[in-house]
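Have a look at the structure below before the remarks.
In what follows, every heavy atom counts, from backbone to side chain, and hydrogens, waters and symmetry copies are set aside. Throughout, a chain's letter reflects where its sequence line sits, starting with A, and its residues are numbered from 1.
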Number of protein chains: 2
Amino acid sequence: MRELGSSQPTAVELEILRILWEMEPCPVRDIHARLSEAKGTNYSTTVKMLSVMLNKGLVTRNEQATPHLYRAAITRHKAAKKFLGELVEKVYDGSVMSLVLQALSSGKVSKDEIDEVRKLLDEMEGKQ
Amino acid sequence: MRELGSSQPTAVELEILRILWEMEPCPVRDIHARLSEAKGTNYSTTVKMLSVMLNKGLVTRNEQATPHLYRAAITRHKAAKKFLGELVEKVYDGSVMSLVLQALSSGKVSKDEIDEVRKLLDEMEGKQ
DNA sequence: CGAGTATAGCGAAAGGCTTCGCTACTGCAA
DNA sequence: TTGCAGTAGCGAAGCCTTTCGCTATACTCG
């Protein structure tokens, strides 16, 4: 088994993680139900992907239970942080701010949310 | 040739795009110089990658010039927007704000930058 | 002109991700 | 006990990305 977190989850892996974050712990059948709904893939495929992910340390499972129950090995928060870091690094050349500005200017943000950001900014400034 | 933007740039493709964004238009040799510095790959590899990217519509080139001069077919801004949109969609379930809050709370942001965000927030509020 | 160097391109190999077919095991019901 | 349905696993195929060797073409300088 590779070291945990040594690699970013791939596309399908991420889909599975998202399902787990929402309904873990859960058996293959449930994961497959959601996955096949979106992609129409075979049950074997889901089982295999989970075995691959288990191998990579992206998920864990309880083998005592029948059927086995799967869980994500990284929290949504941690995964998000990794993705974000990579995005900032690779596309925004390490500037968190460039990304924030672009994200904000994409619109779709409510007044309450704007206030929330202000509050965060105030806190940050206080600590500097 | 596939339709422009039909697929996200892959890892190496993104590296090449970043080089182009910085120094376009430029010949293969220059791109290769930068790429091999980071990865130690062969000149042929760079040529091939560019031909693949040309095929995908990720880059354009001026064949009149000798050697041919390459340019990125998408701006850094557009690529960033696409990546960001995907990240928000896939990891933050569509909430731009979750992403912004997480990005900001990762630290590494100067006072000037904080002020810059405030200004943007004010503008946004004015328009609502 | 002719040799040597720079440029361009192609096809195939290597490796990773995703998919599935086939097999095996388990547990329950007739 | 036998058969069926649900569960688990493996190996290989197919596809895409990345890599390079080999070949061909163009250009430069002596």
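- No hydrogens or angles were tested; on distance alone, a donor-acceptor pair under 3.5 Å links the side chain of K48(B) to the base of dG11(C).
- Ion pairing between K56(B) and E13(B) holds under the 4.0 Å rule for side-chain N and carboxylate O.
- Distance, Y70(A) OH to dT7(D) C1': 10 Å, rounded to whole Å.
- We find that CD1 of I16(B) is positioned 10 Å from C1' of dT18(D), with the value rounded to whole Å.
- Between D115(A) and R118(A) there is a salt bridge, with a side-chain nitrogen of the basic residue lying less than 4.0 Å from a carboxylate oxygen of the acidic one.
- Of the side-chain N and O atoms in R61(A), none sit less than 4.0 angstrom from OP1 or OP2 of dT7(D).
- Comment: R34(A) does not engage E15(A) in a salt bridge, judged by the lack of any side-chain N to carboxylate O separation of less than 4.0 angstrom.
- Look at CE on M49(B): it is 17 Å from P on dA8(C), rounded to the nearest Å.
- What separates CD of E63(A) from P of dT7(D) is a distance of 16 Å, to the nearest Å.
- Between E113(B) and K111(B), none of the side-chain N atoms (NZ, or NE/NH1/NH2) sits under 4.0 Å from a carboxylate O, so this pair counts as no salt bridge.
- Within residues 25-46 of chain A, the residues that place at least one heavy atom under 4.0 Å from DNA chain C are, in residue-number order, K39(A), T41(A), N42(A), S44(A), T45(A).
- Remark: C1' of dT18(D) and CG of L58(B) are 15 Å apart, rounded to the nearest angstrom.
- The E13(A) side chain lies nearest to dT18(C) when the options are dA8(D), dT18(D), dT18(C).
- Regarding contacts with the backbone of dA8(C), a side-chain N or O of H68(B) is found under 4.0 angstrom from either OP1 or OP2.
- Rounded to whole angstrom, the span from the CE atom of M53(A) across to the C1' atom of dG9(D) amounts to 17 Å.
- Side-chain proximity of T66(B) to the nucleotides dA8(D), dC27(D), dC17(C) is greatest for dC27(D).
- No donor-acceptor pair under 3.5 Å is formed between the side chain of R71(A) and the backbone N or O of R61(A).
- Atom-to-atom, NZ of K56(A) to C1' of dG16(C) comes out at 8 Å; the value is rounded to the nearest Å.
- Every residue two or more places apart in sequence or in another chain was checked for a ring-ring contact (aromatic ring centres under 6.0 Å, His included) with H68(B), and none qualifies.
- Rounded to whole Å, the distance from CD on E15(B) to C1' on dT17(D) is 13 Å.
- A distance of 6.0 Å separates CD1 of I114(B) from CG of L121(A), quoted to the nearest 0.5 Å.
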